[in-house]
Amino acid sequence: MSGRSTFYVTTPIYYVNDVPHIGHAYATLACDVMARFKRLDGYDVHFLTGTDEHGQKVEKAAEAAGLSPQAFTDKVSQSFRDLIGVMNFSPDGFIRTTEKRHYAACQALWEKLVAAGAIYLGKYAGWYSVRDEAYYADSETEVGTDGKRRAGPVGNDVEWVEEPSYFFKLSAWGDRLLEFYDKHPRFIAPDSRRNEVISFVKGGLQDLSVSRTSFSWGIPVPGDPKHIMYVWLDALTNYITECGYPDESNPLWRFWPADLHIIGKDIIRFHCVFWPAFLMAAGVPPPRRVFASGWWTTEGQKISKSLGNAIDPVAATAEFGLDPFRYFLLREVPFGNDGDFQRRALIGRLNADLANSYGNLCQRVLSIVAKNCDGKVPPKGTLVAADAALLDRAKGLLAVVRAEFDEQAFHRALTSIWEVIADANRYVDAQAPWALAKTDPVRRDTVLWVLAETIRRITLLVQPFMPDSTAKILDQLAVPADARAFAAFDRELEAGTVLPKPQGVFPRFAEPAAAAS
RNA sequence: GGGCCCGUAGUUCAGUGGUUAGAACGAGCCGCUCAUAACGGUUAUGUCGCAGGUUCGAAUCCUGCCGGGCCUACCA
C-alpha cells in the first residue's frame with residue numbers, strides 16, 4: 001500500500017543434492033547486491049532464495065544416507081540457509097519446495113493448465129537404460145557392431161520403454177515465445193544467451209513430458225496421484241508460490257511478475273522457454289528478465305569433486321574477509337561471463353583496490369581531519385574549480401551506477417566508482433592539505449570537507465557490495481542511519497558534526513610468511 | 001555434423017574501418033610524506049592467433065587454417 005515501486009529478485013532454488021559452493025554463493029550474491037541497491041534506491045523489494053527438494057536424485061541420495069527424504073532435505077536445506085549468514089545475504093524469503101504452500105501453488109497451476117487445455121495425457125517413450133535408470137534421447141544412443149543399442153559408444157544397453165505421462169503442449173508456443181522475446185528485448189541477458197535461446201526455439205519445440213510415474217518424491221498430479229509432477233514444473237513454480245499463488249489477494253502478489261530471475265547458465269532453457277510458456281498458458285504474466293551468470297573455475301581448472309578444488313565460501317571469507325570476497329566476485333569478472341578464481345588476483349584486488357585506493361583514501365583524509373579539525377566535520381568554504389570538479393564527479397555517480405545496475409553490470413558500476421576514488425586520491429596530492437594546514441587553514445578545511453563529502457557519496461554507493469565495511473566508514477563520517485539511502489544522496493555533511501576516531505577498514509592482506517630461511 | 005562466440009602488452013581485459021593500438025594490475029625511475037611502505041608523476045613492453053583477400057586505409061569487413069569455449073530439450 002506504500003505506493004512505492006516494487007522490485008522482486010530471485011535466486012535459483014538450489015538443488016539439495018549438493019553442498020553450497022562458490023556457484024551458489026555467486027548467484028545469491030548478485031541478487032543480494034541487486035536487492036540492497038534497490039532498497040537503498042527507494043524500492044519496495046522482495047528478495048527470494050530457497051531450495052529445490054524433489055526428484056529421483058534426492059530420493060536416492062536420502063536412501064544412500066539412510067534418511068527419509070524429508071529428514072535428508074531438512075538437513076541439506078539448512079546448509080543453504082547457513083550460507084546466508086556466512087555471506088551476509090539479505091533475503092526476504094526462503095522457500096522450500098517441500099512446503100505445503102508450494103504443493104498448493106503447483107497443483108493450482110496444474111489445474112489451471114489443464115483447464116486451459118495445455119496439458120494432455122500421453123505416453124512418454126524413449127531409450128531407457130536400466131543400469132543408469134535414465135532415459136536417453138535418440139541422438140544419444142548408438143547401435144554397436146553387435147546390433148545392440150547403447151547409451152553412447154561405451155554406455156549401457158538401452159531398451160525402448162513407454163510409460164504414461166502428462167504432456168505440456170509446448171509445441172504450440174514457439175511463435176508466441178518468439179514474439180514475446182521480440183517484444184521484450186530485455187527478457188534474456190546477456191545477449192549471447194538470448195541468441196542461443198532464440199535459435200533453440202526457432203529450431204522447433206516438442207511437447208514436454210511433465211509427469212513421471214517412476215518415483216514418488218514429489219508433488220502428485222491432482223486427480224491422478226500415481227503421477228508426480230516433472231521437477232522443473234515444480235521448481236519453477238516456487239517463484240509464484242512465494243507471492244501467494246493462486247491467491248492474488250495475498251499481499252506479496254504485488255511483487256509478481258518478478259523483475260529479475262538470476263540463474264546459472266545451465267538452467268537458462270527452463271527459465272527462458274518453459275517457464276514463460278507455462279505462465280502464459282496459465283494466464284499469469286511472465287517474469288520481466290532472466291539473467292544467466294557464468295561459471296567459476298579455480299586457477300584455470302574446472303571445479304570438480306575429484307580434484308577437490310571447489311572454493312568453499314566459508315573458508316574464503318574466513319581467510320580474506322567477507323567484504324573483500326564479495327567485492328572480488330563482482331569486480332573481477334563481468335557479470336554473465338565465466339570467471340577464474342585466482343588467489344593472486346583476489347589478493348591483488350584486495351590490496352590495490354580496497355586497502356590502497358579506497359581504504360587508504362578514507363584513512364588519510366579522516367586522519368588529517370582528526371588531527372587538524374578538532375575531530376569535527378570542517379566548514380565548507382568557497383569552492384574553487386578543482387573542488388567543484390571532484391564533487392560533480394561524485395554527484396554524477398548515482399545516475400551512472402543506477403544505469404549499470406539496470407543491466408546487472410556490477411563490474412562496470414564498480415569501475416566507475418573507483419575512477420572517482422582515483423580522482424579523489426589525485427586531488428589529495430594536488431591540494432596537499434597537510435601543507436595548507438600551515439599556510440591556509442581555511443582553504444585546508446574546504447579541501448577536507450570536499451574530500452569527506454566525496455567519500456560519503458562514494459561510500460553510499462558501495463554499500464550494496466560491502467555492507468559491513470561501508471557501515472564502518474559511514475560511522476566514521478557520522479552519517480546518521482536515516483541518511484544512508486539514496487534519497488539522502490544530496491544531504492551534504494554538516495560542518496561541526498563530531499566524528500569518531502578514524503580506524504582502518506580494509507587492512508592489507510599479507511601472505512602468511514613462508515618458513516624463515 | 002549443424003549453429004554461435006572467442007583468440008589484442010607479463011596478467012585481466014577495452015577497442016567493430018581512419019591520426020604514432022588503449023586501461024587496470026604488475027615492473028623500472030622520479031616526487032611527496034597526510035595515510036594501511038599507502039599516494040601522485042613518469043617510462044617500458046604488443047609481427048592485435050596464422051595466411052590470403054577487399055579497401056586510399058583493417059585489430060576492426062570477407063575466405064581458409066590453427067587453437068579454445070558454448071548450444072544442439074525432458075538428471076537437477
Side-chain angles (χ1 to χ4, degrees), chain A residues 12-18 52-58 60-61 124 126 132-137 139-140 165 167-168 170 190-212 230-235 264-270 273-274 294-295 331-334 337-340 342 344-345 347-349 351-372 411-412 415 418-419 421-422 424-437 444 447-448 451 502-510:
Chain A
I13 48 172
Y14 300 115
Y15 203 57
V16 294
N17 202 24
D18 202 357
D52 178 15
E53 311 191 1
H54 289 134
Q56 195 167 16
K57 281 201 172 180
V58 172
K60 296 207 164 165
Y124 181 61
D132 301 343
E133 296 182 82
Y135 280 95
Y136 290 92
S139 57
E140 290 174 307
S165 168
F167 282 83
F168 174 75
L170 186 62
D191 282 344
S192 53
R193 301 297 163 199
R194 181 183 157 77
N195 294 340
E196 237 168 66
V197 169
I198 288 174
S199 74
F200 171 77
V201 173
K202 278 186 176 161
L205 297 173
Q206 297 170 22
D207 288 348
L208 185 68
S209 166
V210 288
S211 76
R212 290 289 187 281
Y230 173 47
V231 285
W232 270 109
L233 179 57
D234 169 347
K265 65 181 184 181
D266 53 330
I267 54 177
I268 197 156
R269 175 171 313 139
F270 304 104
V273 181
F274 300 172
W295 291 137
R331 173 63 185 83
E332 182 69 3
V333 175
N337 288 11
D338 288 343
D340 188 34
Q342 292 182 349
R344 242 176 49 200
I347 293 169
R349 290 276 173 211
N351 286 338
D353 297 358
L354 300 183
N356 296 353
S357 295
Y358 183 35
N360 186 55
L361 172 68
C362 298
Q363 185 68 3
R364 67 197 301 209
V365 168
L366 290 169
S367 296
I368 306 174
V369 170
K371 286 177 192 163
N372 292 275
H411 68 296
R412 286 210 305 262
T415 304
W418 255 255
E419 279 172 9
I421 289 174
N425 270 318
R426 270 189 287 274
Y427 173 89
V428 178
D429 277 44
Q431 302 300 323
W434 53 89
L436 291 171
R444 171 204 66 195
V447 165
L448 292 175
L451 282 164
Q503 255 188 324
V505 171
F506 297 109
R508 281 184 68 83
F509 181 89

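Atom set for the values below is all heavy atoms of this structure, side chains included, hydrogens, waters and symmetry mates excluded. Numbered from 1 within each chain, the chains take letters A, B, ... in sequence-line order. All of these numbers come straight from a predicted model, not from anything done at the bench.
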Atom pairs under 3.5 Å: protein N/O with N/O of nucleotides 6-10 of chain B:
none

Would you tabulate the nitrogen or oxygen pairs shorter than 3.5 Å linking the protein to nucleotides 70-72 of chain B?
residue : atom : partner : partner atom : Å
B/C70   : O2'  : A/E196  : OE2          : 3.3
B/C71   : O3'  : A/R269  : NH2          : 3.3
B/U72   : OP1  : A/R269  : NH1          : 2.8
B/U72   : OP1  : A/R269  : NH2          : 2.2

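For the ring-ring contact (aromatic ring centres under 6.0 Å, His included) test, residues two or more places apart in sequence or in another chain that qualify with A/F167 are A/Y120. For A/S209, the side chain to side chain donor-acceptor pair (under 3.5 Å) test picks out A/S165, A/R212, with sequence neighbours left out. With sequence neighbours left out, A/K57 forms a salt bridge (charged side-chain N to carboxylate O under 4.0 Å, His left out) with no residue at all. Under the salt bridge (charged side-chain N to carboxylate O under 4.0 Å, His left out) criterion, A/D353 pairs with A/R349, not counting sequence neighbours. For the side chain to side chain donor-acceptor pair (under 3.5 Å) test, residues two or more places apart in sequence or in another chain that qualify with A/Y427 are A/D387. Here A/D52 pairs with nothing under the side chain to side chain donor-acceptor pair (under 3.5 Å) rule; sequence neighbours left out. For A/R194, there are no side chain to side chain donor-acceptor pair (under 3.5 Å) partners, not counting sequence neighbours. Partners of A/D266 by salt bridge (charged side-chain N to carboxylate O under 4.0 Å, His left out), not counting sequence neighbours: none found.
The list of salt bridge (charged side-chain N to carboxylate O under 4.0 Å, His left out) pairs with a residue in residues 426-436 of chain A, not counting sequence neighbours, reads A/R364-A/D429, A/D423-A/R426.
With both pairing distances under 3.5 Å, B/C65 is matched to B/G49 as a Watson-Crick or G-U wobble pair. Nucleotide B/G10 has B/C25 as its partner under the Watson-Crick or G-U criteria, with both atom distances under 3.5 Å. When both distances must be under 3.5 Å, the Watson-Crick or G-U wobble mate of B/G57 does not exist. The pairing partner recorded for B/C39 is B/G31, the criterion being a Watson-Crick or G-U wobble arrangement whose two distances lie under 3.5 angstrom.
Among the protein residues, A/V505 comes within range of the nucleic acid bases, having at least one heavy atom under 4.0 Å from a base atom. In this structure, A/G294 reaches neither bases nor backbone, as no heavy-atom distance under 4.0 Å exists between it and the strands shown. A/Q206 comes within contact range of at least one nucleobase, with a heavy-atom separation under 4.0 Å. Residue-level contact check: A/F506 touches the bases, meaning some heavy atom is under 4.0 Å from a base atom.
Picking from B/G40, B/C74, B/C75 the nucleotide with the shortest atom distance to the side chain of A/K57 gives B/C75. Among the nucleotides B/C34, B/C75, B/U36, the one closest to the side chain of A/A355 is B/U36. Picking from B/C34, B/A38, B/G40 the nucleotide with the shortest atom distance to the side chain of A/S367 gives B/C34. In this structure, the nucleotide among B/C75, B/A73, B/C34 sitting nearest to the side chain of A/L205 is B/A73.
At the phosphate of B/A35, OP1 or OP2 sits under 4.0 Å from a side-chain N or O atom of A/K371.
When the C1' atom is used for both B/C13 and B/A21, the distance is 14 Å, rounded to whole Å.
Rounded to the nearest 0.5 angstrom, A/F274 CZ and A/W232 CH2 are separated by 9.5 Å. Residue A/I421 holds its CD1 atom at 8.0 Å from CG of A/N425, rounded to the nearest 0.5 Å.
Between the CZ atom of A/R508 and the C1' atom of B/A35 there is a distance of 13 Å, rounded to whole Å. Following rounding to the nearest Å, A/Q363 (CD) and B/C34 (P) show an atom-to-atom distance of 14 Å.
A donor-acceptor contact under 3.5 Å is formed by the side chain of A/N360 with the base of B/A35.
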**OP:** Classify every nucleotide of nucleotides 22-32 of chain B by which part a protein heavy atom approaches to under 4.0 Å, writing B for the base, S for the sugar-phosphate alone and - for neither, in 5'-to-3' order.
**Re:** ---------BS
